[in-house]
Structure formats: structure tokens, C-alpha cells
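Basis for what follows: all heavy atoms, side chains included, without hydrogens, waters or symmetry-related copies.
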Amino acid sequence: MYRILLVDDEWLELDTLEKYIPWEEMGFQVAGTAENGKEALQLLERLEGSENEGENDRKLPDVVLTDVKMPVMDGLAFSKILHDRYPDIQIVFLSGYNDFEYVRSALAVEACGYILKPLNTEELKGTMEKVREKCSRSFREKKSQAVVTAENFRNLLGFSAGEKEVLWEDICRSCNTILHCGQENRSFYVGMITIDEYRFLSGYESNGQDILNTIDTAIRRLSNDRILPLHINDYSYLLLSGTELNRAASRLLEQQKEAARWITVCLYENRRPLEQMPVLCQEMSRFRQWHVKMYGSGHIILCDGQKEARKSQEKEKPAEYGTLIACLQNGEKEEIKKWLDNYFLEWSEREGGIGKGAFELTEKIYSSVIAVNSAVEEQMEDKAELYGLLSAAEGISLLREILEQFLEKITDILSGLSGDRRLEIVNRVRQIIEKEYSEPLTMEYLAEKVYMSPNYLRTLFKDYTGETILEYITRIRMERSVVLLKETNMRVNDISKKVGYENPSHYCAVFRKQMGVTPNQFRSKLTGKGAL
């Protein structure tokens, strides 16, 4: 149904037009009324700037039915301004004067109807039928022209200004016609809208297709604001306009609400020649890709003079893997979030970038936390599904969101396990010490073996055994020393190395502290003789 604006200075005539003419039967809906041309222009400006979404795609009327003779601003003066500002709106004159001069003035502004007063309903229906046909034809032609222009544009994006010059001229003429710019115009305001995380939305998000359809419809509605959206590929549209795009872009994001998080708009603030479009498209695409990767979607990016310079952020400390494991074990979700921020900041500066970092972290978690714990492994989704999500993600925001949910689930599973899991870890450390006591064991080495932070392992071991790890290592080494002193004739220096002490003097000092005598004195008591 098309929208019609009624303009007449006689209130009774205007009331009759609005309330007693069967507009809906003729395929029209009254968009508003005004008592003179000036008031009508003000109403049109309000309709054009309205930010409210209604059922109709178009806020402005498709047709204006206006009286000729009116105070303040008559119909002819109003129609001239209307034709210049809103050339898509069809004009129908209503007048009590059947004078050639009026008819000629009507033709000058390309009016598509001229109805004499007193109003004849049948004559009005006949005229409005022709108006409706013209609106429909104009809409089809404009849509067809836009489709052809978009196709030609896609075909020419790989060519520079000097190549295919004739086709560039054809496209320029088409754009000027669609956007109602003068045919001599060669420059436009330029932008690009992208649907970000397209692979994720189309393949993994449950309501992704609805989101894609909503955004696509909203972008196409920009044509109502005299913006030409050219569909370049599945997820990006080039925008051309004769007026600045900032306001329309802001309104688009505000209206889309939840869907706005999946949209990025790149804009040039100044007009650019149409022939520069191949280069500008590459620039916008490259800058948009970098920006989405680093900062996520839902932004308006001004491309004039932009450089791909990262924000300088000061890292608190390196994102150590052991710290993350400790956070998982302790259920510290807020600390996990901070750790991820730091981790991605580090990877943004490395070769391979955040995508590679996300996969490396995931693989490490699976091998060191999930695969070694059957209770956790049973409750986790298939690894291939997680890898599919990560592969589909385009920017750091979505990657981080996926990994945060993944780590939080592990935290919840670990926190739900019984204390036997912690005892199992302590026993694992005991086994390592008992097997490798002859090696130079360190806290960092043991913590890495059980995928914990050193500090957390210290606390856990002490809680379950009543002694520190160092005390336990020393006790095991002394026990082995006693066996060797009793059952072999090995020299004390050799026993020292055998139980993990490179310095025999240090070994003897520790032995004496633990046993109350030196190794030689201990052996002498057993055998009656010493060994050096």
C-alpha cells in the first residue's frame, strides 16, 4: 500500500479528503495532512528524520496531493521544492482553476495528475489508479536499475579508473539517477556495511538465519534515505549517497539493537570519485577486517586518514599457563577473564595472530586438563565441535567469548568433582618424586607435570600430607640414602649424587640434620667401619 500526503488550506476540504475518501480501496494510506506548502515541507522533514520503525519500510509518502492556491506557500512553489528535494514522490494537483498556465506549471514539475474542484470521486479514482501504476513502475525500475548497477559494480571492482572507462561512466549515470544527483556529478559519499562473523551466524548460531535476514532487510531499507546499498558479496554492501552517511549509519545501529553487535560500518567522511571505488573497497575491507579482529563488531569506523595502529596497552604480566590452570582448579572465573584478556593481547602482537593463539590454548587445555581426567572428558562436548566454532569466528570478541564459555564449563566441572580428584593429584606428585628423586627436582617442574601453578600445588600438597613438597623430597632421599648405606659399599660421594645431591657437603649436612649423625657415622654404627 502506498502512502499519500494531503495538503489543502481549507480545513473542511482537508477533513473530507482525509476521512471520507476511500483511500484504502484505491491502495493508499494517508501519511499526514498539512494546510500549506511550508507546513507540508516541515512534516516531510520530520518523517524523513524519524527514528521509529513502523510496519512500513518507507517513512516518506509516495504521493502528495496538494491544492494549488494556498497562503504562506502555494502549491506550485511547494511542488518545485518538493521535486528538487524528494524527486521520487509523485505530485497530484487539486485546483478550482482549469487554466492552461496552471497545467503548464504542473507539467514543469512533472506532476502525474491534475484534478479539478469540486472533487469527483470517480475522476479521483481514475487518476489515483494511474498514480499507483506510476509508483509501481518507478519502484520496479529503480530496483532493477539498482540490481544491474550492483552487478556491474561487482564486475568492475577489479579494474582501475582507466580500465573499462565506458562502463564506469554508465555506472556513474545510473548512480546519479537512482540517488537523484546531477548527471554531471562524479563523486559520492562512500561507506561499507558488513555482517560480521557471517560463517558463525550461518553455521553455528541457532537463530543466525533470522539475524542475517533482519540485517539484510535493514540495509536494503537504507534506499529510503536516498542511499544506494550495493550487494558486493554474502556479507558486505557498498554504500553510495549524495549526502553524508554518518547519521543514517548511527540510526541503523540504534534500530537494530541486538543485531547491531554483528554489524560494522566503515565510512569516508568526504566525497570520493566513483572511479576510486576499487581502491576504496580494498581499503575499507582491509581496515574493517583488522578492526573486527582486534575490537569486535558493532562499530562505526571513520576511514579517512586511518592507520592500522594497534592501541598501546600495558600488560600487567605474561599470561602464564600455570596461572590459568590454577584459576581453573580454584574456580576463579573473574581471574580467568583477566587472564584471557592478557593472553589475547600478547597473541595480537605475535605472528599468526589471535586465531592461532586460540587454537594453541584449546589444544593445550584438552591435552593437559581434559584428556588426563576422565570425569572432565565425559562431560565435555566433542573437541571437533569446539574447533568448528573457533574456525568460524572472525574476530577477537567472538573467539574470546567461545573460549571463556569453554573454560568456565571446565571450572564448573572441576568444582563439582569430589576431593578425591585433589588427592589424586597429590598422589601423582608423590609418585613423580619417588621415581625421580635422584634428579634435580624443582617446584616449577612438578607443578608443570600436574598442570598446576607452583603456589597452588604447594598449598594442596601441604593440606593433604601435612608436610611441604621440599620436606617430602628430602625424606624420600634420606630413606633411599639409608638403604644404600646399609645394603651397598658405595662411597658417600656417589650416594650423594645417586639421591639427587650434586654437592656431597650439602648432602652430608642435610643427612645429619635429618638423622642426627653424618652418613659415615651412620654406616660406622651399622658395620663398625666407615667409607669415604
Side-chain angles (χ1 to χ4, degrees), residues 45 48-51 59 84-87 146 149-150 153-154 156-157 160-161 168 171-196 215 218-233 235-256 259-312 395:
E45 289 173 0
E48 185 179 28
S50 172
E51 297 184 4
K59 305 176 188 71
D84 290 338
R85 291 186 187 177
Y86 310 100
T149 301
F153 223 106
R154 282 194 294 269
L156 284 178
L157 282 179
S160 60
W168 278 116
I171 289 177
C172 191
R173 281 194 294 271
S174 296
C175 291
N176 283 330
T177 300
I178 295 169
L179 297 173
H180 303 293
C181 301
Q183 285 302 315
E184 70 285 353
N185 178 60
R186 290 293 179 273
S187 62
F188 300 87
Y189 288 97
V190 183
M192 178 180 283
I193 293 183
T194 59
I195 304 175
D196 304 322
I215 296 174
I219 292 173
R220 294 182 185 279
R221 284 180 179 176
L222 291 172
S223 59
N224 296 330
D225 295 322
R226 281 197 272 181
I227 297 171
L228 177 59
L230 301 172
H231 202 175
I232 302 303
N233 53 41
Y235 60 87
S236 49
Y237 297 76
L238 180 67
L239 304 180
L240 296 177
S241 178
T243 57
E244 292 185 1
L245 292 163
N246 305 56
R247 183 178 177 187
S250 298
R251 188 162 62 242
L252 174 72
L253 292 185
E254 289 173 10
Q255 291 175 347
Q256 289 311 299
R261 67 165 292 196
W262 307 103
I263 301 172
T264 293
V265 186
C266 294
L267 300 177
Y268 285 96
E269 292 189 287
N270 301 312
R271 285 177 174 268
R272 297 301 178 99
L274 190 69
E275 307 88 78
Q276 290 183 5
M277 288 307 118
V279 174
L280 297 178
C281 281
Q282 290 177 3
E283 286 183 357
M284 286 188 288
S285 180
R286 185 172 61 252
F287 186 65
R288 167 261 166 202
Q289 184 178 22
W290 172 81
H291 195 280
V292 170
K293 180 179 177 182
M294 295 302 299
Y295 307 117
S297 306
H299 301 124
I300 296 176
I301 309 167
L302 300 180
C303 297
D304 299 84
Q306 287 282 4
K307 294 182 179 179
E308 295 177 11
R310 294 180 174 88
K311 289 181 179 177
S312 95

Do [X] and [Y] make a side-chain contact, defined as non-hydrogen atoms from C-beta onward lying under 4.5 Å apart?
X      : Y      : value
Gln276 : Glu283 : no
Val190 : Leu240 : yes
Leu222 : Leu245 : no
Ile232 : Met192 : no
Gln256 : Leu253 : no
Asn185 : Arg271 : yes
Leu239 : Ile193 : yes
Leu238 : Leu280 : no

_Geometric class of the Trp290/Tyr295 ring pair [parallel <30°, tilted 30-60°, perpendicular >60°]_ =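 Tyr295 vs Trp290 ring planes: perpendicular.
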
Point-to-point distance, once rounded to the nearest 0.5 Å, from [atom1] of [X] to [atom2] of [Y]:
X      : Y      : atom1 : atom2 : result
Cys266 : Phe287 : SG    : CZ    : 7.0 Å
Ser250 : Ile300 : OG    : CD1   : 3.5 Å
Ile219 : His231 : CD1   : NE2   : 7.5 Å
Leu252 : Arg247 : CG    : CZ    : 14.0 Å
Leu302 : Tyr268 : CG    : OH    : 11.0 Å
Asp196 : Gln289 : CG    : CD    : 10.5 Å

*Under 6.0 Å from the OH atom of Tyr235, do we count more than 12 heavy atoms belonging to anything else shown?*
no

*asked:* Under a 3.5 Å threshold, yes or no: a donor from one side chain and an acceptor from the other, between Thr264 and Arg288?
replied: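 Distance-only check fails for Thr264 and Arg288.
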
*Determine yes or no for a side-chain-to-main-chain donor-acceptor pair under 3.5 angstrom, with Ser241 supplying the side chain and Thr243 the backbone.*
yes

